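Structure record follows, encoded as structure tokens.
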Amino acid sequence: MTEPNPSAGASANRIVIVMPTYNERQNLESIAGRVRAALPEADLLVVDDNSPDGTGDLADKLAETDPHVQVMHRTDKAGLGKAYIAGFGWALERGYDVIIEMDADGSHQPEDLPRLLTALEGADAVIGSRWVHGGTVQNWPKSREALSRGANTYARLMLRVPVHDATAGFRAYRAQTLRAISLETVVSQGYCFQIDLTLRTVSAGLAVTEVPITFSDRTRGASKMSRAIVVEAFWRVTQWGVEGWFRGRPKPRT
């Protein structure tokens, strides 16, 4: 793993984008270039789960020519949640002030990154949302859109969180927010990981803001969505919802 450039983050906040990858060689170089253009002062951490297609090797080549690109190599495919937790831990240990998560498949538009950072000035966490006014989804089949809308509605009602896109994976966190929500106890994956962090942030009484984004389905590579991810999310949200009804939660700030 390449160590960060000591000169990175000379501005008021040190910023890092954490980007998990698994078989994203077709997309990585393009999305990394757009991220670097959108936020030239930020670092990009690629967290690769030993991709068979050589994504990790490509990430190393990008890091050789750009000191703002860092690479974490993990030994196996252990799931999105664990990849993010590893990346968050790496960033917190190195003193970053703002930690952003986003996908490598092109579904999240790097050009939206400055808007997330602007919104973070008045919040503890910002979610790039498909399901608030102004948010849009492109190239998704109606069945996938219905699944996402339904899952988010179910999570919002069961968990009583005032968030319309709790499953979104395009987010910006203040470092102190991640320190406050006990990342070491997170075991959920996939969609459920994003809902888990949303619930933890809201339950900690922290301010969450949603900003509308354009989400565009990948055009290259294979989706990581599976039935197991959907089942896990449904089961855990139901469990957390029932537990919350009995013990109550702090009033969230939004």
Side-chain angles (χ1 to χ4, degrees), residues 8-20 31-32 34-45 68 80 84 87-88 91-92 95-138 148-149 151-153 155-156 159-181 183 191 193-216 249-254:
S11 59
N13 286 322
R14 294 187 65 213
I15 303 165
V16 62
I17 297 97
V18 179
M19 182 179 289
I31 199 71
R34 290 170 61 194
V35 166
R36 295 289 298 114
L39 288 180
E41 73 280 12
D43 288 339
L44 170 63
L45 173 65
H68 283 278
L80 183 70
Y84 270 127
F88 291 166
L92 292 172
Y96 285 93
D97 303 297
V98 174
I99 301 167
I100 298 171
E101 60 171 81
M102 69 179 295
D103 292 346
D105 61 7
S107 57
H108 301 145
Q109 309 309 306
E111 294 74 22
D112 286 331
L113 285 167
R115 293 197 302 112
L116 266 65
L117 291 178
T118 298
L120 194 63
E121 293 175 5
D124 300 298
V126 175
I127 298 174
S129 178
R130 299 158 292 185
W131 309 129
V132 294
H133 180 71
T136 59
V137 170
Q138 298 177 343
S148 180
R149 286 185 180 274
N152 277 288
T153 299
R156 187 167 67 252
L159 303 178
R160 293 176 293 166
V161 293
V163 173
H164 292 81
D165 201 349
T167 64
F170 194 19
R171 302 174 175 222
Y173 291 101
R174 294 182 181 272
Q176 57 263 41
T177 299
L178 294 180
R179 291 192 178 99
I181 59 175
L183 292 176
Y191 272 165
F193 171 78
Q194 308 296 359
I195 300 171
D196 194 344
L197 264 60
T198 302
L199 178 60
R200 287 166 182 257
T201 303
V202 170
S203 296
L206 300 173
V208 180
T209 295
E210 294 183 88
V211 297
I213 62 164
T214 296
F215 179 97
S216 182
R249 295 194 186 94
K251 185 177 180 180
R253 296 168 51 222
T254 60

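Everything quoted here is computed from the prediction, not taken from an experiment.
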* Under the side chain to side chain donor-acceptor pair (under 3.5 Å) rule, what do Ser107 and Arg130 come out as? Steps first, then yes or no, please. => CA-CA 11 Å; Ser107 57; Arg130 299 158 292 185; over 6 Å; no
* Asked: Yes or no on side chain to side chain donor-acceptor pair (under 3.5 Å) for Thr153 and Trp131, after CA distance, side-chain angles and deciding distance?
  -> CA-CA 10 Å; Thr153 299; Trp131 309 129; over 6 Å; no
* Asked: Do Arg160 and Val202 pass the side chain to side chain contact (heavy atoms under 4.5 Å, CB included) test, and can you show the C-alpha distance, the side-chain angles, and the key distance before you say yes or no?
  -> CA-CA 10 Å; Arg160 293 176 293 166; Val202 170; over 6 Å; no
* Asked: Given Leu159 and Ile195, is the side chain to side chain contact (heavy atoms under 4.5 Å, CB included) satisfied, shown in steps?
  -> CA-CA 10 Å; Leu159 303 178; Ile195 300 171; 3.6 Å; yes
* Is there a side chain to side chain contact (heavy atoms under 4.5 Å, CB included) between Val208 and Thr198 once you walk through the steps? -> CA-CA 8 Å; Val208 180; Thr198 302; 5.6 Å; no
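Scanning all heavy atoms of the two residues, the minimum distance from Gly128 to Asp165 falls at O-OD2, 4.2 Å. Scanning all heavy atoms of the two residues, the minimum distance from Arg34 to Pro110 falls at NH2-CD, 3.3 Å. Of all heavy-atom pairs between Val132 and Val211, the closest is CG2-C, 4.2 Å. Of all heavy-atom pairs spanning Val161 and Ala155, the tightest one is CG2-O, 4.2 Å. Listed here is the closest heavy atom pair of Glu210 and Val163: OE2-CA, 3.4 Å. Counting all heavy atoms, side chain and backbone alike, Pro40 lies closest to Arg36 at O-NH1, 2.9 Å.
Rounded to the nearest 0.5 Å, atoms CD1 (Ile181) and CG (Leu197) are 4.0 Å apart. In this structure, OH on Tyr173 lies 6.5 Å from CD1 on Ile127, to the nearest 0.5 angstrom. Note that OH of Tyr84 and CD1 of Ile99 are 12.0 Å apart. Values are rounded to the nearest 0.5 Å. Annotation: the span from Glu121 atom CD to Asn13 atom CG amounts to 9.0 Å, rounded to 0.5 Å. Taking OG1 of Thr167 as the start and NE2 of His164 as the end, the distance is 13.0 Å to the nearest 0.5 Å. Rounding to the nearest 0.5 Å places OH of Tyr96 at 10.5 Å from CD1 of Ile15.
Residue pairs meeting the salt bridge (Lys or Arg N to Asp or Glu O under 4.0 Å) criterion with at least one partner in residues 198-209, sequence neighbours excluded, are Asp196-Arg200. Applying the salt bridge (Lys or Arg N to Asp or Glu O under 4.0 Å) test to pairs two or more places apart or on separate chains, none has a residue in residues 170-179.
Taking the side chain as every heavy atom from C-beta outward, Arg115 and Ile213 approach each other to under 4.5 Å. Residues Leu113 and Phe170 meet the side-chain proximity criterion, which asks for heavy atoms closer than 4.5 Å.
Applying the side chain to side chain contact (heavy atoms under 4.5 Å, CB included) test between Met19 and each of Leu45, Asp103, Ile31, Ile100 identifies Ile31 as the sole match.
Between Phe215 and His108, the ring-plane angle classifies as perpendicular under the 30° and 60° cut-offs.
Applying the salt bridge (Lys or Arg N to Asp or Glu O under 4.0 Å) criterion to Arg156, with sequence neighbours excluded, gives no partner residue.
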